[in-house]
Visitor: 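Structure provided below as structure tokens; questions to follow.
All chains are named by letter (A, B, ...) in the order of the sequence lines, taking the proteins before the strands, and each is independently numbered beginning at 1. Every heavy atom of this structure was used, including side-chain atoms; hydrogens, water molecules and symmetry mates were not. A quick note: this is a predicted structure, and the numbers were derived from the prediction, not measured.
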Number of protein chains: 2
Amino acid sequence: MTRSQLTHEDKAFLSTYDPATYERPAVTVDLVILTILDDRLVLLLVQRNEPPYRKKWALPGGFVRVGNGKSSRGEDLLEAAQRELSEETGLPTDDILLAQIGAFGAPMRDPRMRVVSIAYAALVRPTLAPFIQAGGDAARTEWTALNDAMKMPLAFDHPEIASKALQWLRDQLVRSSIARSLLPPTFSIAELRRVHEAILDVSIDPGNFRKRFLRMIDDSVIEQAPGRRITASKPASVYRFVDTGRS
Amino acid sequence: MTRSQLTHEDKAFLSTYDPATYERPAVTVDLVILTILDDRLVLLLVQRNEPPYRKKWALPGGFVRVGNGKSSRGEDLLEAAQRELSEETGLPTDDILLAQIGAFGAPMRDPRMRVVSIAYAALVRPTLAPFIQAGGDAARTEWTALNDAMKMPLAFDHPEIASKALQWLRDQLVRSSIARSLLPPTFSIAELRRVHEAILDVSIDPGNFRKRFLRMIDDSVIEQAPGRRITASKPASVYRFVDTGRS
DNA sequence: ACAAAAGTGTTAATTTTACACCCATGC
DNA sequence: GCATGGGTGTAAAATTAACACTTTTGT
């Protein structure tokens, strides 16, 4: 909805409009940054330096910049998530999938004040994960297996957010080629299978998975790529997702 | 996260903490209130009385109550959605499914000020729909076919929100028994089929749908109910969703 | 030679899809 | 009677699932 679509009446109204000073919540973005390490689905936790929940592990996140609300309006929610992602990890955000997974606004979720947080999942290729460096005000950052993280006493309502992210990821896995964002540009059948196994936390018959995979090739979702992947035994062919124009 | 889980350090910190006066966005909830009328999926639109977008059709919605942010913290996001739902429709909210479908916070989505809106879908049984009465500050309210609505010049970014709601509903339909919320307590096979047809906007073979339906009976998702449904021709048996304890 | 992981094949069970047809009711 | 929509059956095709087997490599 751009300003140019407003009517004359709207513009006249706005020139005299003074936004009422309602009480407003703070708005933040929280990130569930995920990748696959050692065939396990892991997320990035930061250890808090400041109260509340000092020394507790938490999801990275921060305030959405809003400008002064009139002449400058600040950033979109996705932009805020991208900024936080790059602040916390030092990684370029253009190769990392960010998807909104929900809004969390329980009145007492932050003891300091009323905060509504928009949660995003970030899927990082494992090849990028080693380059992550602690940033911002975090004392330490650490990759933690999602299974373990959900049993930890994370700060705020972050266990709930992490759980929602896992739900979201599992849903996406069946319905789309989301695994693409958790793999190098080319990958073997077994590598894709292990991503599925890590996300769904099940083991999958290699033979049967292969058949599903070959069907994806029939459907032109995936195509063979040049080269082979060296493994502990027989080398495997590598494949890539067919580029559909969209980033 | 309740207050009792805070450490002593946290409590000491909080007693001296003065929430910084960051600029904050207004936070609202917007509702995509859906039901099935004449075998069509329809949503409730209200005609705006005030600028901006005066006379334009819009989704019902309103501000989340936040209290003063300290001693009183106001309502949860879902509570805000429930309150708006009952204000706008006059219906009791306890029989209406409300699910969060996303947060929308583009900087210029509201020309008056920076607003972040949490969108909820509300599924209303068609038996309740006739009792809806215009409430609040809306000039008129009207059920509109979702197909048509998405071609209308709705106010703000409401087309985007409506589209997200449809996506959400279609996803849920395959994965859960969400159709329950759009049907009377008991229903015929054909009635459930027509709900599916309306939501997916396809026609479904009655014989094949029946077989899927019977499988749901095998799985104890659905059971036969007493009575029959009078139709234009042969009367149909009626069924109900098995009560699984959860509302 | 052997272990390990890639890759292939077989079979039964289940599910999907298209379509033909019978049955009970209101008009 | 006959149109309408409920209800039933059949058969091909596609998918899933369990599992045995062969091939190619590194050590």
Side-chain angles (χ1 to χ4, degrees), chain A residues 36 38-40 126 170-171 173-177 179 183-184 186-240, chain B residues 36 38-40 126 170-171 173-177 179 183-184 186-240:
Chain A
I36 307 273
D38 302 326
D39 296 337
R40 280 154 53 240
R170 287 180 174 169
D171 281 359
L173 190 64
V174 292
R175 139 172 17 280
S176 73
S177 49
L183 285 167
T186 70
F187 50 90
S188 69
I189 299 184
E191 283 167 346
L192 180 60
R193 175 167 49 81
R194 282 191 287 267
V195 168
H196 280 245
E197 289 177 332
I199 291 175
L200 300 176
D201 198 20
V202 295
S203 60
I204 301 172
D205 180 278
N208 291 338
F209 187 81
R210 170 170 257 285
K211 274 189 296 246
R212 273 163 59 194
F213 191 95
L214 295 181
R215 219 175 302 138
M216 286 198 273
I217 296 181
D218 285 346
D219 298 345
S220 295
V221 177
I222 286 173
E223 63 189 0
Q224 188 150 18
R228 323 208 93 211
R229 178 76 75 253
I230 280 74
T231 71
S233 64
K234 179 178 174 181
S237 304
V238 293
Y239 302 82
R240 67 164 82 93
Chain B
I36 306 272
D38 301 327
D39 295 339
R40 280 154 53 238
R170 287 181 174 168
D171 281 0
L173 190 64
V174 293
R175 135 170 25 278
S176 73
S177 50
L183 285 167
T186 69
F187 52 89
S188 69
I189 299 185
E191 283 167 346
L192 179 61
R193 174 167 50 82
R194 281 191 287 266
V195 168
H196 280 244
E197 289 177 332
I199 291 176
L200 300 177
D201 198 22
V202 295
S203 60
I204 301 173
D205 180 280
N208 291 339
F209 187 82
R210 180 182 195 72
K211 272 190 297 243
R212 275 162 58 194
F213 191 95
L214 295 180
R215 218 175 302 138
M216 287 198 273
I217 296 181
D218 285 346
D219 298 345
S220 296
V221 176
I222 287 175
E223 63 190 0
Q224 187 150 18
R228 326 208 91 211
R229 178 77 76 250
I230 281 74
T231 72
S233 64
K234 181 177 173 181
S237 303
V238 294
Y239 302 82
R240 66 164 83 93

Visitor: Under the side chain to side chain donor-acceptor pair (under 3.5 Å) rule, collect the residues that match up with B:Arg229, sequence neighbours excluded.
Guide: B:Glu191
Visitor: At under 4.0 Å between heavy atoms, which parts of nucleotides 21-27 of chain D does protein reach? Answer with one letter per nucleotide, 5' to 3': B base, S sugar-phosphate only, - none.
Guide: --BBBS-
Visitor: Give the rounded distance in Å between these two atoms: CZ of B:Arg229 and C1' of C:dA24.
Guide: 17 Å
Visitor: Considering residues at least two apart in sequence or located in another chain, which fulfil the side-chain contact (heavy atoms from CB on, under 4.5 Å) criterion with B:Asp205?
Guide: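 In terms of side-chain contact (heavy atoms from CB on, under 4.5 Å), with neighbours along the sequence ignored, B:Asp205 is linked to B:Asn208.
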Visitor: Rounded to the nearest 0.5 Å, how far apart are CD1 of A:Ile204 and CZ of A:Arg193?
Guide: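 Output value for this atom pair is 7.5 Å.
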Visitor: How long is the gap from CD on B:Glu197 to CD1 on B:Ile36, to the nearest 0.5 Å?
Guide: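 Reported value, rounded in 0.5 Å steps: 10.5 Å.
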Visitor: Within the 4.5 Å heavy-atom criterion, are B:Phe187 and B:Val238 side-chain neighbours or not?
Guide: no
Visitor: Is A:Ser237 touching bases, backbone alone, or none of the nucleic acid, heavy atoms closer than 4.0 Å?
Guide: sugar-phosphate
Visitor: Could you list by number each residue of residues 189-216 of chain A showing a heavy-atom separation from DNA chain C of less than 4.0 Å, or answer none if no residue does?
Guide: A:Ala190, A:Arg193, A:Gly207, A:Arg210, A:Lys211
Visitor: Which residue in the set B:Leu192, B:Leu183, B:Ile189 passes side-chain contact (heavy atoms from CB on, under 4.5 Å) when paired with B:Tyr239?
Guide: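 The passing option is B:Ile189.
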Visitor: Report, one line per pair, each donor and acceptor closer than 3.5 Å where one atom sits in a side chain of residues 210-217 of chain A; sequence neighbours left out.
Guide:
none

Visitor: Could you tell me which residues satisfy side-chain contact (heavy atoms from CB on, under 4.5 Å) with A:Leu173, sequence neighbours excluded, listed by chain and number?
Guide: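 Testing A:Leu173 for side-chain contact (heavy atoms from CB on, under 4.5 Å), a comparison that skips the adjacent residues, returns A:Ile178, A:Ala179, A:His196, A:Ile199, A:Leu200.
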